[in-house]
Structure formats: structure tokens, C-alpha cells
Amino acid sequence: MKDLDLGVEYVIPSLGYRNVREQHNQDERKEPRDFKYQKAKSQHVDCLDALETAARAEGLPLDISVHSNLKILDEGHHKGKYHKGLNLLKPFRITSKHQHPVDNAGLFSFMTFSWLTPMARIAYKKGELFFEDIWPLSKHESSDINSKRLEKLWLEEVTEKGADESSLRSVVWHFCRTRLIISIMCLMLTQLAGFIGPAFVVKSLLEYTQQSSKDPGYSLLLVFALLMTEIVRSWSLALTWALNYRTGSRLRGAVLTMAFKKILKLKNIKEKSMGELINVCSSDGQRMFEAAAVGSLLAGGPIVAILGMIYNVIILGPTGFLGSAVFILFYPAMMFVSRLTAYFRRKCVSVTDERVQKMNEVLNYIKFIKMYAWVKAFSQNVQKIRENERSILERAGYFQSITVGIAPIVVVIASVLTFSVHMILGYDLTAAQAFTVVTVFNSMTFALKVTPFSVKSLSEASVSMDRFKLPSTV
């Protein structure tokens, strides 16, 4: 009572007053809560936009449209397994029902890449391409669809042979088998067209120039035949690249998605280090793409070598074996180099894993390294690992550069050796024979040029497949 001022009137708060005041305070607290909720909601929307952007770029199943792709693909199963792929055999297609132009393209549009013309026109007008100018990912390249198909093949392989005896190489072959066979057939057509042109058409032109009588109709027919062989060669080669690149993108998305899922399910990473897992998800996926894109080009070399040997023997006689032998001996050398490349690749991968693991430790414990002045010691350790990695890469690069440098001069070595021995033995050599043999050798150079890259990609992919077999959960 002594604290009360008698000259001031006091109001005793009633129950209703307290209720009104509490309601007012609750409204005040509710406003910032609603504001925080709206802010969090906006951040959530931004996060979803970022995830959808990443999904659009990588083909990950983060939206309903991608999930519905499986249902869309299953709708056509009653028409046949290859119903969608057979649509590409139509020479011309006028349709726009698919979201990506490559799925609406016909055979000529697909092999000549003319479906890229609208994007090229936009890039020419704007000077650059923005993300909104790029088409959405084709449903056939979606990692969700391809990973489910690869997982199904892998489960069938494990069920049939067991977890220890199952082979990822066999699964990958079944995954890409049909498209790779078609690609190899197109490559065979490329090699045949490249061989027929110089072997028969050019030879007929050279013989025609040595004749005294002229026949304009026959000469125009030879020129037209030479033009057609070059068109068939270039278009079939373009179709081979188009099929291989699309196959490689599907394989890369499927393998990486399976690897991500497997890593997320692991309870314990046994002998696998974090650096090795990072390399599996970064570099090894690209190795699988390169193997699917370039590896099948190795199949065209033996066919051209056999055809060239037979033709040179028919034209020059026994001395024709010498030039062809140079080409044939080049392939065992490539096999030897491929084994060396695989050896250096396996050796370099372990060093790279160690370097990435060491860098992760440095980044995770950088405060303690700075606190105890261990910067110099860690930097020397990382530098030592990098020097070891660099020396291995240099040795692998030496062998690779030797094969790449020898491939272009094989034609010169084969021609000089063949003609020299042919003239020493006293055989006649006409201009038509010489130019025909040289052009046949030149037609065989494409297989020689792509052989080092094919062997390198296949050997590195073989190592990557062994690394993709992660340890099981414990």
C-alpha cells in the first residue's frame, strides 16, 4: 500500500481485459510468424526452382513431367520394343508432339543435324545462348528412365550369376547393344563407300583419261558415282556420330544415377575413400561416355585392312601384301599400347584418389592446420602426391603421342615400301595402279587415326567399370 499514490486513480484489470490484451499480443506474435512463414515459403520456392533447373540440366526426376516419362514410354510397348526408334528410319517427319526436336526429326534431319538449325539461328541473332533458349531434355535421355532400365538389367545379371560373378561390362553391353550394332553397321557402310570410291571409281577415271576415245556420258557417270560414294560416306559417318553421342549420354546418365543411389544407401564405406567416390562420380562417368561415343569406331579398321589387302594383291600381285602388312601390324601395336594405357590408368587412379582425399582433409581441418602451423608440411605432402601423379600421366602421354604420331605416316611407309619392292623385283607400275593404291591406302587412314582414341577410351572405361562396383552395405 505504501507504493500506491492516493492522488491517482487505478483500474483493476478484469478477466475480459486480460483476454483482449492476450489476443492482441497473439496477433502481434502471429504477424512476424506469418512473415517468417512467407519468407521460408519463398525460400522453399527458390530452392525448388533451383532443383528444377538442375533437374532440367541433368535429366533428374524432380518433377511430375519426368516421372510421367516412364508412363509415356510404356504406352507404346504394345506397338513393339523399337517402335520409337524405328520412327527415325522415316526419311522425313512433320510432327511437333515431342518436346525436343531430335525426337521429331526424320532420318535426313537426324544424320545431318538439321534439327539444330533453329537453335543455331537464335545463337546467330543474339550472339549468345541463354538457358531459356535451350530445349527441355528429351524424355529418352532422362536419367530416371535409363537408370531404371540399367538397374533392371543389373538385377537380372545378379539373379542369374550372383553378386560376385556378375559383370557390369555385360550389363552395359546389353544396355547399348542395339544402338551400337546399328552404329557399327553405319560405320561399315562408311568404310565400304570410302573404299569403293578410290578402288573402283577413281581407277576407272584414271583408265578413262588414258584412252584415246572420249565418251561424255560415261565420264559424267563416273563423276556422279564418285559424288554419290562421298555423300554416302559422309552421311553414314554423321549418322554414326549421332547415334554414338546419344548412346553415350544415355549410358552416362544411367551409370551416374545408379552410382548416386548406391552411395546414398551405403552404411559404411569400407575400403573406398571419399576421394575415390568423388572421382567415380566425376571422371569415371565421362569415361563411360567416351567409350560409347568413340569405342565402336574400332570395328571399322579390320574390315578396311582386309579389303585393302585383297585389292592391292589383285592390282600389284604379291608385293601388295607388304603395304597391307604395315597396316595389319599396326593393330597389335595398338593392343599393346591399350594394355599399357590401362595399366597407367589404374596406377594413376589410385594416386588421384589419394590426392583428392588429402585435399579433402586439408579443407575440412584447415583451422587446425593454420593453428598448429602445419601448412608447409601438408603442402609438401600434396606436392609430392601431385609429382607422382604427373609422372604417371607423362609416361601415359608419351605412349599415346607415339601412337597418334605414327598413325598419319603409316600410309607413307606402306606406299614407299610397296612401290620400292615392286620396282626392285622388276614388275611394271602404271600411273593408274600407283594412284589407285595410294588412294586405297588413304581410305584406310581414317581407321588408323581413330584407333588410338578408341583403344584409349575402351581401356579407360574398363578400369572405370571395375571402380563402379562399390562395396555392399554392412
Side-chain angles (χ1 to χ4, degrees), residues 81-82 143-185 243-244 246-266 268-273 276-299 302 334-350 352-353 453-474:
K81 181 179 178 181
Y82 302 107
S143 62
D144 182 32
I145 297 173
N146 292 294
S147 64
K148 288 182 182 297
R149 180 168 173 262
L150 188 61
E151 286 177 359
K152 179 182 177 183
L153 295 174
W154 174 250
L155 291 176
E156 292 176 356
E157 179 76 10
V158 172
T159 304
E160 181 181 354
K161 298 182 180 179
D164 296 333
E165 299 295 331
S166 57
S167 174
L168 184 60
R169 296 177 180 85
S170 176
V171 174
V172 170
W173 165 248
H174 282 83
F175 182 83
C176 308
R177 178 175 55 188
T178 303
R179 298 181 66 85
L180 287 181
I181 290 175
I182 297 175
S183 173
I184 291 173
M185 291 175 62
L243 290 171
N244 287 350
R246 207 171 184 192
T247 305
S249 62
R250 295 181 182 184
L251 178 61
R252 181 178 181 273
V255 170
L256 286 181
T257 303
M258 281 188 62
F260 288 146
K261 291 180 180 179
K262 185 66 176 294
I263 291 172
L264 292 176
K265 292 179 181 179
L266 291 177
N268 182 20
I269 304 175
K270 295 179 179 178
E271 71 276 4
K272 301 290 182 180
S273 63
E276 187 172 355
L277 294 180
I278 293 174
N279 280 335
V280 165
C281 297
S282 59
S283 62
D284 289 339
Q286 183 63 25
R287 300 289 182 264
M288 302 295 291
F289 172 83
E290 292 175 356
V294 187
S296 63
L297 300 179
L298 186 64
M334 290 296 99
M335 296 301 106
F336 175 73
V337 172
S338 68
R339 299 181 70 89
L340 287 178
T341 303
Y343 168 74
F344 286 123
R345 173 64 182 166
R346 284 191 294 267
K347 195 173 180 179
C348 183
V349 159
S350 61
T352 303
D353 294 338
F453 302 101
S454 300
V455 171
K456 176 177 178 292
S457 63
L458 291 176
S459 60
E460 291 181 348
S462 178
V463 178
S464 299
M465 289 181 189
D466 295 333
R467 287 162 53 82
F468 270 116
K469 297 186 70 172
L470 302 178
S472 58
T473 58
V474 294

Q: Step through the shown structure and confirm whether more than 12 heavy atoms of other residues, nucleotides or ligands are within 6.0 Å of NZ on K261.
A: yes
[X] [atom1] to [Y] [atom2] distance, which is reported to the nearest 0.5 Å:
X	Y	atom1	atom2	value
S166	K161	OG	NZ	8.5 Å
L458	L297	CG	CG	9.5 Å
M288	S249	CE	OG	13.0 Å
M185	L180	CE	CG	13.0 Å
S464	D284	OG	CG	3.5 Å

Could you tell me which non-hydrogen atom of [X] sits nearest to which non-hydrogen atom of [Y], and how far apart they are?
X	Y	answer
H174	L153	C-CD1, 4.1 Å
S170	E157	OG-OE1, 3.9 Å
A461	A291	CB-CB, 3.4 Å
W154	V171	CE3-CG2, 3.6 Å

Is it true that a side-chain atom of [X] and a backbone atom of [Y] form a donor plus acceptor pair closer than 3.5 Å?
X	Y	answer
T247	A292	no
R149	F175	yes
S147	D144	yes

Indicate yes or no: at least one non-hydrogen side-chain atom of [X] is less than 4.5 angstrom from one of [Y].
X	Y	answer
R179	R246	yes
E160	E156	no
S296	N244	yes

Q.
Is there a side-chain contact (heavy atoms from CB on, under 4.5 Å) between R287 and S457? Walk through the geometry before answering.
A. CA-CA 7 Å; R287 300 289 182 264; S457 63; over 6 Å; no
Q) With no hydrogens and no angle check, do the side chains of S462 and R169 hold a donor and an acceptor under 3.5 Å apart? A) yes
Q) Pick one: which of L150, N146, V255 meets side-chain contact (heavy atoms from CB on, under 4.5 Å) with R250? A) N146
